[in-house]
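Okay, so here's the structure we're looking at.
Just so you know, these numbers use all the heavy atoms, side chains as well, and skip hydrogens, waters and symmetry mates. Every chain is numbered from 1, with letters handed out A, B, ... down the list of sequences.
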Amino acid sequence: MAILEDISQAVQKGRSKEVVALVQQAIDEGMEAKDIIDAGLLKGMGELGVRFKNNEVYVPEVLMAAKALGRGTELIKGKLVEEGVKPVGKVVIATVRGDLHDIGKSLVRMMMEGSGLEVVDLGVDVPEDVIVAAVNEHKPQILALSSLLTTTMEQQSVVIEALKAAGLRDQVKVMVGGAPLTQDYSDKIGADAYAPDAYSAAEVAKAFVSE
Amino acid sequence: MISFSKLAYDNLDDFLYGKAPHPVVLKNGLSIGGGTLYPEINFTLPTMLIEEHTMPEVIKIYKEIITGICERARELYVPGFVAEIETLPPMTFHPEWGEEVTRTVVEIIREHAEKYGIKAAVRITPNDIREGRDLVHMWHGSHWDNILETFTRCAEAGAELLAIESVGGKEIHDKAVMTCDIEKSIFALGILGCRDMAKLWSEIVQISEKTGTVAAGDTACGFANTAMVLADKKYIPRVFAAVVRALSSVRSLVAVECGAKGPHKDCGYEGVYVKAISGIPIAMEGRCAACAHLSPVGNVAISVADLWSNESVQHIRLLGGMAPTVSFEQLVFDCRLMNEASSQGLDKARMLRDLNADSDSYLDPQAYVLRPDVVLKIAEGIIMEDTHYHRTKKAAELAIAAIRKAHDDGEIKALEDKELNYLDLLEETVADMPSDESKFIEHMLEECEGEFDPGKYDMD
């Protein structure tokens, strides 16, 4: 369908107003919300994601596209519920207690949102009890933890232990990231995945929710 | 506040490493910027939590680190050095912990000074904890009090140089960097950052006067280095990071306007502009900071440095010894070479300065804006302006123009079209910004609605 391709292209160009107009047109033409999402909005984000991975575009373009995607999705939300279409998945994300670094975590959040995931951002310096409470409340499929210091990375292990103590560990995949982290460390503390950068984090998260 | 309206240098020939118009002479006679380039070593803990029950282990590790460094200094005939302690967040939230670490490091340095005559000093850099959910205000409340208490306690414990990597405006700048929004960047650095620096550095200068220590300098690390790291990852264009570097200099200069004497802090590469304008000595980091992060400015960074730093290194074992000791040795040999060139005459020093600059500046616009000749030209334009806002805006205009000219003249490797598109966008945006500061602030408060709390900066 030409209009779905137009939606995809408008998303890639970050043109929010155009995306909204095209999505409205597609709705008016009687298209199913799921098709508009999958073959239009998310297809556009997916193609832009590949271009980002190939260093053809920068983060600001991805963010503008994510904003356009969000505007389009907002318009179609009610229709998705009517059709019984479930969200792609939900993530709770936080920088752990004692660590004030925000930007890496924010990039991961935006990349994940651009992949169609719903993300609950708890902020920085988040204690383990607050994270456990958020997992309990939001019931995400994924918990993403960030730390940028050698003296806070062990806090990720503390969070995992707190999840176990609360009986929630089996209900959520735990992803970890941050400059001093490694795959070995991730394995050692019992995380489910380590992501070296924001793009990989979104890819891993998508793979988890499609399992 | 001191107002700088003239450069500290009349010509490029005098703008050199190891030598500043206003050297800082410490209690033990160590003269920074007095003709010799000295190493400044920084270090951090291995993977561990900092809590009350781990503090004995923390202290033990700091003892090991500084002992290893002092012994290597003796082995390599190092005439003097600076050791920087950057407190980790828990050590600022608990000022007594930062004080204990400082006292430990100072005592070991003094023991070695007495035995072997090494002139060394400690720079204390409390982690700026004014972020996060509990912050009530930038200039009062427990976060503010803890920072100032950490400075005072650490100064009384023997740290002689007071520095900080302050974060005023960072919450807005993080967004500016991710979206390459130059207006937001100028608002964060030229308005919020400068206002915060003025408040903070007035306090730090007072503490230095009360404790007989030196208010040294700040760094726009959380702003310009964040941009540099994202550019290195190819998340944002390098031209944006280069422009942010230049405009961050106005914000970092505010420390000196408030009475800071130097040396400016190592990770603030904009220090070259601060030195050009104020004449204070500066610490810089480059190739020896590869242990901490990638940068495209490894050589050019040493061109006019007065302290040569490694940024930070974890206390882990390497074949040559523990990493801080090894890292220190690398700094020492760099300084030896640079000082030997100086001792053989100004021509040799200038040649080494220029080789370091030339070897980086063609390859990246971020290195180009740190060339001593480019710095002097841009800095001269900056100080022609009257206010921090006008200076920051001018710094952006001049950096954009310098990068474009360097691209057109083949002085830098040709920029890709996607970089040039951003350069056009930056130029157009800055040209459209109002010259009236109050109009700009009004506009930006609307633009940034919901992104920060103006009340924390008394702007509500």
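- For the atom pair CD (Glu183(B)) and CD1 (Ile172(B)), the distance works out to 12.5 Å, reported to the nearest 0.5 Å.
- Residues Thr47(B) and Thr150(A) have side chains that never bring a donor and an acceptor to within less than 3.5 angstrom of each other.
- Counted by atom type alone, Glu86(B) and Asn42(B) present one or more donor-acceptor pairs between their side chains at under 3.5 Å.
- Contact of Leu149(A) with chain B is made through the side chain alone, with heavy-atom distances under 4.5 Å.
- Panel note: side chain Ser157(A), backbone Ile189(A); no donor-acceptor pair is recorded below 3.5 Å.
- Both the backbone and the side chain of Glu131(B) have a heavy atom closer than 4.5 Å to some heavy atom of chain A.
- Looking at His293(B), Glu285(B), Arg245(B), Glu311(B) one by one, the single match for side-chain hydrogen bond (donor to acceptor under 3.5 Å, both in side chains) with Asn225(B) turns out to be Arg245(B).
- Salt bridge Arg71(A)/Glu74(A): absent, no basic N to carboxylate O contact under 4.0 Å.
- Val105(B) pairs with exactly one of Ile124(B), Ile85(B), Ile59(B) by the side-chain contact (heavy atoms from CB on, under 4.5 Å) rule, that one being Ile85(B).
- At a 4.5 Å heavy-atom cutoff, Ala179(A) makes no contact with chain B through either its backbone or its side chain.
- Taking chain A as the reference chain and counting heavy-atom pairs below 4.5 Å, the highest number among Lys234(B), Lys233(B), Glu171(B) is found for Lys234(B).
- Salt-bridge annotation for Asp364(B) and Lys413(B): absent, with no side-chain N of the basic residue lying under 4.0 Å from a carboxylate O of the acidic one.
- In this structure, chain A has no heavy atom under 4.5 Å from any part of Asp181(B).
- Proximity to chain B is limited to the side chain of Leu63(A), based on heavy atoms less than 4.5 angstrom apart.
- Between the side chains of Asp102(A) and Ser106(A), at least one donor-acceptor pair of N or O atoms lies under 3.5 Å.
- Rounded to the nearest 0.5 Å, atoms CD (Glu416(B)) and OH (Tyr422(B)) are 13.0 Å apart.
- Looking at Pro237(B), the atoms closer than 4.5 Å to chain A (heavy atoms on both sides) sit in the backbone and in the side chain alike.
- Chain B is approached within less than 4.5 Å, heavy atom to heavy atom, by Leu122(A), Val124(A), Asp125(A), Val126(A) from residues 118-127 of chain A, ordered by number.
- Of the atoms belonging to Met64(A), not a single heavy atom falls under 4.5 Å from chain B.
- Inspection of non-hydrogen atoms places no residue of residues 128-139 of chain A under 4.5 Å from chain B.
- Using a 3.5 Å distance cut-off with no hydrogens or angles, the side chains of Thr44(B) and His315(B) do not pair a donor with an acceptor.
- Residues Glu419(B) and Tyr58(A) have side chains that bring a donor and an acceptor to within less than 3.5 angstrom of each other.
- Residue Asn421(B) does not touch chain A at all, counting heavy-atom pairs closer than 4.5 Å.
- Side chains of Asp197(A) and Ser200(A): a donor-acceptor N/O pair is present below 3.5 angstrom, by distance only.
- With respect to the salt-bridge test (charged N to carboxylate O, under 4.0 angstrom), the residues Arg51(A) and Glu47(A) do not qualify.
- For chain B, the nearby part of Phe52(A) is the side chain; its heavy atoms alone come within less than 4.5 Å.
- Between Arg97(A) and Ser147(A), the side chains place no donor N or O within less than 3.5 Å of an acceptor N or O (distance only, hydrogens not considered).
- Residue Leu45(B) touches chain A through both its backbone and its side chain, counting heavy-atom pairs closer than 4.5 Å.
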